[in-house]
Amino acid sequence: MGVPAFFRWLSRKYPSIIVHCVEEKPKECNNVKIPVDTSKPNPNEVEFDNLYLDMNGIIHPCTHPEDKAAPKNEDEMMVAIFEYIDRLFNIVRPRRLLYMAIDGVAPRAKMNQQRSRRFRASKEGVELTEEKNRIREEVLSKGGYLPPEEIKERFDSNCITPGTEFMDNLAKCLRYYIADRLNNDPGWKNLTVILSDASAPGEGEHKIMDYIRRQRGQPHHDPNTHHCLCGADADLIMLGLATHEPNFTIIREEFKPNKPKPCALCGQFGHELKECQGVAREKKGAHDEFADSPPGCEQEFIFIRLSVLREYLEKELTMASLPFPFDFERSVDDWVFMCFFVGNDFLPHLPSLEIREGAIDRLVKIYKDVVHKTGGYLTESGFVNLERVQMIMLAVGEVEDNIFKKRKEDDESFKRRQKEKKKRMKREHNPAFTPTGQFAPQALGRRDMSTSNTIVNPRQTAYEMRMQTSNSGNSQTAAGTKRKVEDSDSEPEPEDNIRLWEDGWKQRYYKNKFDVDASDEKFRRKVVQSYVEGLCWVLRYYYQGCASWKWFFPFHYAPFASDFENISGLFEEFEKNTKPFKPLEQLMGVFPAASGNFLPVTWRRLMSDPESSIIDFYPDDFAIDLNGKKFAWQGVALLPFVDERRLRAALEEVYPDLTPDEMRRNCLGGDHLFVGKQHLLNDFIHELYKTNTGELTGIPPELCHGIQGMLETDDGAILPYKTVESPVPMLRNLSQNFSISIKFKDPHYEEDYVFKAVVLQGAKKPPATLKPGDWERANNNSGRPWRPQLGFNTNRKPVHLDQSAFRTLGHVMPQSRGPSGGGLYSSAPPPNTYNPMNAYRMLGHRQPIPNLLPNPRGSNSWSNRPPLYNQPPPQRNDGLLQNPYLPYPPQHGGPSNYYQRPREDSNRQNYNQGRNYQNPRQSGRYNWN
Amino acid sequence: MGMAGEDDVSEYLQQNREAAAWVETVRGECESDKLWRHRREFILRNMRDFCGDELPPPPEANDKGLDRLLAYSMVWANHVFSGCRYPQPVMDRVLKMAENIKVTDAPVRTTRDELVSKVKKRGIASSNERVDYEPSKKVKSTDGTSRHSEADYQQSSHATTENTLHNEAQRTDAGSCEPVAQEWKSNSYSRPATKAQKQGNTGKGTRRLTSEDVKCRQSFFNRLYKRVAWKLVSSGGFSPNLNHTEVLSSSVESLSSTLDIAFVPLKDLADLPQNKTTQENIVCELRCQGVYLGMGCGKTKENAKAVASREAIKVFLKKKVVVKICKRKYCGQDVEDLALLDEESRCPNLPPAVKNPLEII
């Protein structure tokens, strides 16, 4: 969904829906990577059945990553995609099904957004290359060093569109990948894999939804299947809610704002392309071991637990004393529907509803007020009750005026605050009390390790600092430096000629955005009608699948909420039996002329030839209406809409020019199912190939965890004992293949079948995660404080360390924790109260912990080793390194050597050791239950 | 069909009921009345060239000629009403087809290229900023609604060819920046960037600047540096209230050279944004011996010139002036130019040139 703010809003309002992923990293031993065994229990303390991958969310970051250098060629991209899937697989560890869906041709309703993205992407790509070349020349002329320019062509991200050679190739590579993993990875052993590549029509996430819907309608579906869907789009949350499955989790990359990006020219971090100086690369870390990634920023993943979101929504939406029985599932559907008003991929959002301004809360409030009067819910299984929607819309319309005024006020006060802040920042870079010179604060870990910078001559420095401050204080007051005129460098704001906060806003809006007079009732009605159709289409799309491949919203802007008068008659039904575009046709519809190289020659000529009968679809440059936003990419691109009739007519003439390969790419395909050697279905499918019936055969549900569908033998299938050739040169062929593939079709339903949006019979509600509203009352006697649940497991055991672990810690910690020398203030002993018993974690447990560790001396009696504690350190010149009795002698290059400071004087070392060792109670913090 | 305007169209449609019924079949479903009125005129005027004398077939027939006509009508409408730009041959053709259609109230749009070039600002000093600032990198630009007529444009470019202070003095300030009535014939109408691009393509120079070009000018500027320095000293040092133009031009003249002054409406400067907040719409560029000295913009030419001179004088405030070969934009392309810089500024971000530097040098 085109609402980046939606997820942020959601995760702030409902924080418990987020669970950080626990990821087991592959270990390395003697430079050999040992892969993680994914057949072991999931470290996240939850077992998932199905993992669905919305592949476009993976392809984009792997082919043109923002936070690291781009892969050099297509092969590297493919390998990056494989690795990414491996990583996800390792985290989620699905036990039954892996479903990979690549975007196929999208419904027409999506085409406008795709067009605008691709037209922009193409321009941005060209601009970036120009800028790069310009700066490259400049840097080189100044004698800077730059890594030699790669020979590769610029990767046009527009090729990630169904129908291109790239996508075709990707499908091939993924088939190879699946076969490889089915053969070689123990975690995949019993897995069913379905690949829906770009030739299957429909957006990836909607193909997934279609699959889930159709499985749910089957009698053998397990109602307690735990689904996990991967993808970053906010609308996955809506889609997940729309399934009404009790166990549904979304996994996505954690969004970290302001992540450092490498310079596009030299690949180094720390500066942007514009500031590139071409300086030789610095070593990262002592042995350049951090060369590839900026410190500590591997992308991490988070789970979004929809079952918890459902708990939250239940708390929020439950209404008492309704004139009709309250049904939580129905109110969830209404909530999803209202989120569409705020924005989605198919409709522009209403001008008065802005997610940052709490639009969804406002809608929920209005909804709860109005629902008493409406006499029922807004939606049912994806069908909209327009009369009731109208009541909501008009209620929003009533406050529209105030919303605009408030927005203006907020905007102005924000600007004022910004200005003041800027002023403050200019005046003082840091507060006056921040010491400078050798007392200057230093960021953690920044300190240069090689130069030992102990404080020298502190008295003198302190004196100087005192003098300095008093002096500067004097001079400032005496001279009375003149204040500079402010405001000179503030951006000239584009004039807002709509002025929604002033009377007459509606007229101005229609005049400016649609170029019609407000008196043009007919036109306005047309806009409203289209929008109403749009709302119905979108909801149907989410709950029942694509109602019409042809429908689209034919304007660039939305009407006002107050315009939704008498809308109940505005929508009847969508045109039936519409067909999606063919892949190459869709390419013609969404590509700018500059990306024509992905199309056959005669086809691409239609995009630039002045004689072409569709030349109007392909402007060189187009207007952008910032629409109150600041940057070009945020604005509305006023691109012309595609006339489907003329497009098809023009293409008819060039269809004969297609080569057989292009004809193949232009076909709409279907899904493929893969299983490995051990899978029960393997023999069944093998049998199908042997008999070669060529007709559709149903999957026996007992063989495949209740998954149903039709199978059809495939000519280019992967078959056991047949070598699978590697499409990527750097990967080997699979000569010993036992996996098998076959065409797969979702279960078929009648044309006008309605998928019910209900919780299935037999579905168990997952245990509650949130604190019950009546916790205090119900647990008054026990006095047990509420312990929030952090992961999937309700009864997660806190980590417990045993004695040997404490001993190990005891050896490692003193060097890392204590000021073991080299620090600034190391010569001053810390006060005795310095390390109170970790008060912040021990709130409930004030009493000193009983001697959890027996007397260290006593504990040593089991061995005849000399006691480790209180042992006079031998040969202090090299600290602990020489101690032969250490359980884990730290080695150079080991993780602890950052904390080791050789050459320290023994007194200090002794002091620290003594402090920590002789007081084993301090270690009690690791043992708090 | 010698139609002279909309009245003719409605008259024609009244007389030809069939044509009126036919033309409604090609109306876009969501087209506003206004848009349709203009596009209909476009279609009717050019119908004969594409579909012959007969009434064209209905759109469902997928007639190639008709589809091309429809495509052109959309190109034209997208250009005029939605701000799209198409490849030059297409534009030429369509604008010619729309020669006699009058559009009086087309909306004003900012294209993406214009928006983006606004972000990549190039410094032009502006008259409403204070002098005690370092040269700002800010761009002020013109009111997009005040379109300058063709004649206006020529007038100012004429002025640039004369290039002398004396000529400029006689110019009136107000005339050239007055907003012209928002009415234009579509044949004289073309978005500014297009115009500039065209010029850029024809006037692309081939000669590369060499160190010889620099050397032969450096000595002149060393002398000029002394003159300006003395002039400044004698008038009490650099201050914002000084008549910078006077200081600069008299110094230049005392070395029997001339100060070249070029003006251009801001909107004609390619690579510059069209911004609606400011009235400063005249840009002035100062050169001497072909070397770029400074640039400024202001409400009037006098104003712009003063700002430009001030910027130029600032260069002379440092220890030394140096002539350098610099890259800068001209009509959207990178060109080389000679610029006078102080010794410290290493990599100046020059505003786009008003005239092609290679032609001047």
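Naming: A, B, ... by sequence-line order, numbering from 1 per chain. Hydrogens, waters and symmetry mates are skipped; everything else that's a heavy atom, side chains included, is used. Predicted model, so just to flag it, every value in this text is computed and none were measured.
- In terms of non-hydrogen atom pairs under 4.5 Å with chain A, the most contact-rich of V75(B), N62(B), L35(B) is N62(B).
- Within the 4.5 Å cutoff, side-chain heavy atoms of R68(B) are placed close to those of S613(A).
- Closest heavy-atom contact between N78(B) and D616(A): ND2-O, 3.7 Å.
- The side-chain heavy atoms of D520(A) and D33(B), taken from C-beta on, include a pair separated by under 4.5 Å.
- Looking at D113(B) and K123(A), a side-chain N of the basic residue comes within less than 4.0 Å of a carboxylate O on the acidic one, giving a salt bridge.
- Of the inter-residue distances, the one linking D517(A) atom CG with K34(B) atom NZ reads 8.0 Å to the nearest 0.5 angstrom.
- Using modelled atom types, no side-chain atom of Y86(B) and backbone atom of Y618(A) make a donor-acceptor pair closer than 3.5 Å.
- Scanning for side-chain hydrogen bond (donor to acceptor under 3.5 Å, both in side chains) contacts around W22(B) gives an empty result, with sequence neighbours left out.
- Interatomic distance, R524(A) CZ to S32(B) OG, rounded to the nearest 0.5 Å: 14.5 Å.
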Checklist line | Residues R645(A), E60(B); criterion salt bridge (charged side-chain N to carboxylate O under 4.0 Å, His left out); working and verdict | finding: CA-CA 8 Å; R645(A) 180 193 66 76; E60(B) 296 77 42; 5.8 Å; no
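- Here CG of D625(A) is found 11.5 Å from OG of S82(B). Values are rounded to the nearest 0.5 Å.
- Proximity to chain B is limited to the backbone of I614(A), based on heavy atoms less than 4.5 angstrom apart.
- Under the 4.5 Å side-chain criterion, counting only non-hydrogen atoms from C-beta, S608(A) is not in contact with P87(B).
- Looking only at side-chain heavy atoms (C-beta outward), K526(A) and C30(B) come within less than 4.5 Å of each other.
- Between R112(B) and L638(A) there is no side-chain heavy-atom pair separated by less than 4.5 Å.
- In this structure, no portion of D643(A) lies under 4.5 Å from any heavy atom of chain B.
- In summary, E611(A) and R93(B) engage in a salt bridge, as defined by a charged side-chain N under 4.0 Å from a carboxylate O.
- With a 4.5 angstrom heavy-atom cutoff, E29(B) touches chain A via backbone and side-chain atoms both.
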